[in-house]
Amino acid sequence: MATVAQRLEEVKSTLPATGVELVAVSKFHPAATIRQAYDAGHRCFGESRAQELQQKYDQLPHDIEWHFIGHLQTNKVKYIIPYVAMIHSVDSIRILDEIERQAARIDRVVDCLLEVHVAQEDTKYGFTLQECADFLAQTAVDTYPHIRFRGIMGMASNTDDEVQVRAEFTQLKQLFDNLRAGVMANTPCFDTLSMGMSLDYRIAVEEGSTMVRIGTTIFGEREY
Ligand SMILES: *Cc1c(COP(=O)(O)O)cnc(C)c1O
């Protein structure tokens, strides 16, 4: 069986040489497994639970960039703010307000992506395309001095219908482009379109993803 380092290399070899960042999604995998990817030179990992992120931060070298990708509860925000490099899953104004409040307390600026819901499943969190556009049109980003609005994140439906998956990624890309040309035109750091997971990242990259979040292909199946 291939090692973590080998699978990491394999995934990287399928990504364009520049322009697409790889978040290695390490949720539910132990620190020792993450360490293998770290020793192979990788520094960017994704976690989906606040407590797990905190524990792994303590167990692993501090030059790791931790990305938070799971649904975030308001009362958990304070636990990750000191450690997190980017929050992909900002799915409500309430959470955004709490991130601002907690980041201000420790005088940090945190990179955030607004999560946009395009998939068919109704279990997924996030703003609709319209809500996201409206929110950014109506909100002066400098009312959130401790948040750096970096872009949007989305997930496609969990289906093997490639036409549907591609269409959903296209919707995210169109929103991203419209925002960049429109209300976010004066916010040059709004440069990140986080889309694509193990089963669909190739399509996501073809549709313009700048950041993929890949777990299973690198680390194997998760044990929940
Ligand atoms: C778990 C997760 C991933 C990674 O999924 P894989 O299928 O293991 O690559 C990516 N994004 C989010 C938001 C996740 O929760």
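Whatever order the structure lists ligands and atoms in, that order sets their numbers, starting from 1.
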Original post:
Which residue pairs pass the salt bridge (charged side-chain N to carboxylate O under 4.0 Å, His left out) test with at least one member in residues 127-148, sequence neighbours excluded?
Top reply: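 Found D111-R148.
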Subject >> Atom-level proximity to ligand 1, residues with heavy atom under 4.0 Å >> reply: V25, K27, I69, M155, M197, S198, R213, I214, G215, T216, R222
Subject >> Distance-minimising heavy-atom pair for I218 and A24 >> reply: CD1-CB, 4.0 Å
Subject >> SB check E10 R7 (cutoff 4.0 Å) >> reply: no
Please list every donor-acceptor pair under 3.5 Å in which a side-chain atom of residues 184-192 meets a protein atom from a residue at least two apart or in another chain.
| from | atom 1 | to | atom 2 | distance (Å) |
| --- | --- | --- | --- | --- |
| D191 | OD1 | R150 | NE | 3.2 |
| D191 | OD1 | R150 | NH2 | 2.8 |
| D191 | OD2 | R150 | NH2 | 3.4 |
| T192 | OG1 | R150 | NH2 | 3.3 |

**OP:** Under the ring pair (Phe, Tyr, Trp, His ring centres under 6.0 Å) rule, collect the residues that match up with H42, sequence neighbours excluded.
**Re:** F45
Subject >> Donor-acceptor pair, side chain of R166 and main chain of E207, under 3.5 angstrom >> reply: no
